[in-house]
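Here the structure comes first, spelled out in structure tokens, and everything after it is commentary.
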Amino acid sequence: MDMHGGNITLVHGGQNMGRNRPERQSGRVLAVKLGVVLVGLVILLALGYAGGRYLEKRRYTETRGELKDGFGEVPTVEIDGVTYEQKMNVTSLLMIGIDKRSTDENKSYRDGGQSDFLLLLVLDHKDKTIHQLQIDRDTMTSVNVLGLFGNSAGSRVMQICLSHGYGMDRQERCKNTLSAVQGLLGCPELESYMEIPLDAIAALNDLLGGVTVTLQDDFTMADPAMQAGATITLTGEQAVTLVRRRTDVADGTNEARMKRQRIFMDAAVPMIREKIDESSGFVTTMLDTLAPYLTTNMVRGRMINEINRAYHYKVEPVQYLDGDHVIGEDGFMEFHADEQSIVDFVLNAFYTKRE
């Protein structure tokens, strides 16, 4: 991967992945049930959203791996003489929250809506750990685009949230977003995606009996009851306002909105935990509630199996890419991710140091 003139290259099959990798900052690890966390993270799908094939531009000699547990050759990367093997027993899932409601009609192949929330989950079944990466919707990367009649029109560098706008249907738009994220990270192939439109957040909030939060920002332009400093139990529409509204709230940045999304999440998860403790059937109830809105390539049975499989896994704190926010020539916000930050996450989530 060589983005915007950077010095980092990330390739599969034993090729160079970067230079001068700093130590990854440690965070406190939270031990929670995946049944709580995965369902809780589904809330974030509705929170408010292809890639350049850097791995295919091979510039270095491939390093072969060794046979491991019947999987065949294990792909490797090399950094400053240190070899890292790709983890072979992981599940990746991209959570996509879009800025449309399920009833909104798409008028063209380029009208699928923006992905205002992107969260990548990587479940490491060997180390029993869940890695989380929340991606800023304004992150600049290569996106596959379509022409007026749905024909491929190549790729362009733009905000990653726009990737969801292109596609013949919801599945194709999700695949385009998945491709954009994979191109940004230059990571091993991502498997699954899950997308929920805006109206799901209202339904889920109401299912929980209303999520209670203390507002740090003023939302009275949208709702007179949503004053800064007020502690309120949100209605469904108020929940959507909290996690979606941006331009006339605080400094108007997506970075500030991402913090509000985390506030909602932190308040909702304990409520989900309590309901699951009261009845294990609440997970099924919640999935049934979301089913009318959900778009995913993960079948229900596998979803339940993944929850059961990772029931006691450790969940690492949500990570964010380092980088810079700037105003682009078109007047819109751009986030340029630091390539070393990308490499650090990919190494930690998808690779392990060869002993």
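The closest side-chain heavy-atom distance from Asp223 to Thr241 is not below 4.5 Å. No side-chain heavy atom of Glu334 sits less than 4.5 Å from a side-chain heavy atom of Asp138. The shortest distance between side-chain heavy atoms of Gln182 and Cys187 falls below 4.5 Å. Between Met194 and Cys174 the shortest side-chain heavy-atom distance does not fall below 4.5 Å. His164 has its side chain within reach of Glu195: a pair of non-hydrogen atoms, C-beta onward, lies under 4.5 Å apart. You'll find the side chain of Tyr351 reaches within 4.5 Å of the side chain of Pro188, heavy atoms only. The side-chain heavy atoms of Tyr320 and Gln134, taken from C-beta on, include a pair separated by under 4.5 Å. Side-chain atoms of Leu118 and Ile96, non-hydrogen and from C-beta on, do get closer than 4.5 Å to each other.
Closest of all the heavy-atom pairs between Asp266 and Pro270 is O-CD, 3.0 Å. Pairing each heavy atom of Val122 with each of Ala349, the nearest pair is CG1-O, 3.7 Å. Across Ala267 and Val211, no two heavy atoms sit closer than the pair CB-CG1, 3.6 Å. Shortest non-hydrogen contact noted between Leu184 and Ile342 is O-CD1, 3.7 Å. Listed here is the closest heavy atom pair of Ser192 and Leu178: O-CD1, 3.8 Å. For the residue pair Asp330 and Phe332, the shortest heavy atom distance occurs at OD1-N, 3.1 Å.
Residues Val82 and Phe345 share a hydrophobic cluster, clusters being chains of Ile/Leu/Val/Met/Phe/Trp/Tyr side chains in contact below 4.5 Å.
Atom CG of Leu215 sits about 7.5 Å away from atom OG1 of Thr231, to the nearest 0.5 Å. A distance of 11.0 Å separates CZ in Phe282 from CG in Asp288, rounded to the nearest 0.5 Å. Note that the OG1 atom of Thr235 and the CG atom of Asn205 stand 7.0 Å from one another [nearest 0.5 Å]. Taking NE2 of His131 as the reference point, atom CD of Gln319 lies at 8.0 Å (rounded to 0.5 Å). In this structure, the separation between CG on Asn297 and CD on Glu191 is 9.0 Å, given to the nearest 0.5 Å. Annotation: the span from Thr296 atom OG1 to Met95 atom CE amounts to 8.5 Å, rounded to 0.5 Å.
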Kindly determine whether Met333 and Ile327 satisfy side-chain contact (heavy atoms from CB on, under 4.5 Å), including the steps that lead there.
-> CA-CA 5 Å; Met333 182 65 70; Ile327 302 297; 3.7 Å; yes

Carefully, step by step, assess Ile232 and Thr212 under the rule side-chain contact (heavy atoms from CB on, under 4.5 Å).
-> CA-CA 6 Å; Ile232 63 174; Thr212 300; over 6 Å; no

Gln159 and Arg137: CA distance, side-chain angles, deciding distance, side-chain contact (heavy atoms from CB on, under 4.5 Å) verdict | CA-CA 7 Å; Gln159 294 169 318; Arg137 56 153 279 156; 4.1 Å; yes

Run the numbers on Met286 and Lys275 for side-chain contact (heavy atoms from CB on, under 4.5 Å), then give the verdict.
-> CA-CA 10 Å; Met286 185 171 293; Lys275 289 186 177 296; over 6 Å; no

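Relative ring orientation between His325 and Phe335 is described as tilted, the plane-to-plane angle lying within the 30° to 60° band.
In this structure, Tyr193 has no ring-ring contact (aromatic ring centres under 6.0 Å, His included) partners at least two apart in sequence or on a different chain. For Glu274, the salt bridge (Lys or Arg N to Asp or Glu O under 4.0 Å) criterion is met by no residue, not counting sequence neighbours.
Checking side-chain atoms of Asn89 against main-chain N and O of His125 turns up no donor-acceptor pair under 3.5 Å. With hydrogens and angles ignored, the 3.5 Å screen pairs no side-chain donor or acceptor of Asn348 with any backbone N or O of Asp344. With hydrogens and angles ignored, the 3.5 Å screen pairs no side-chain donor or acceptor of Asn176 with any backbone N or O of Leu162. Ser92 places no side-chain N or O within 3.5 Å of a backbone atom of Leu190 that could act as its donor or acceptor partner.
Atom CD of Gln171 has more than 12 neighbouring heavy atoms from other residues, nucleotides or ligands inside a 6.0 Å radius.
A salt bridge between Glu172 and Lys175 is present, with a side-chain N of the basic residue lying under 4.0 Å from a carboxylate O of the acidic one. The pair Arg302-Glu306 meets the salt-bridge criterion, since a charged nitrogen lies less than 4.0 angstrom from a carboxylate oxygen.
Side-chain contact of Arg257 with Asn254: a donor-acceptor pair under 3.5 Å is present, judged by distance alone.
Through side-chain heavy atoms spaced under 4.5 Å, either directly or across other Ile, Leu, Val, Met, Phe, Trp or Tyr residues, Val326 is tied to no other residue.
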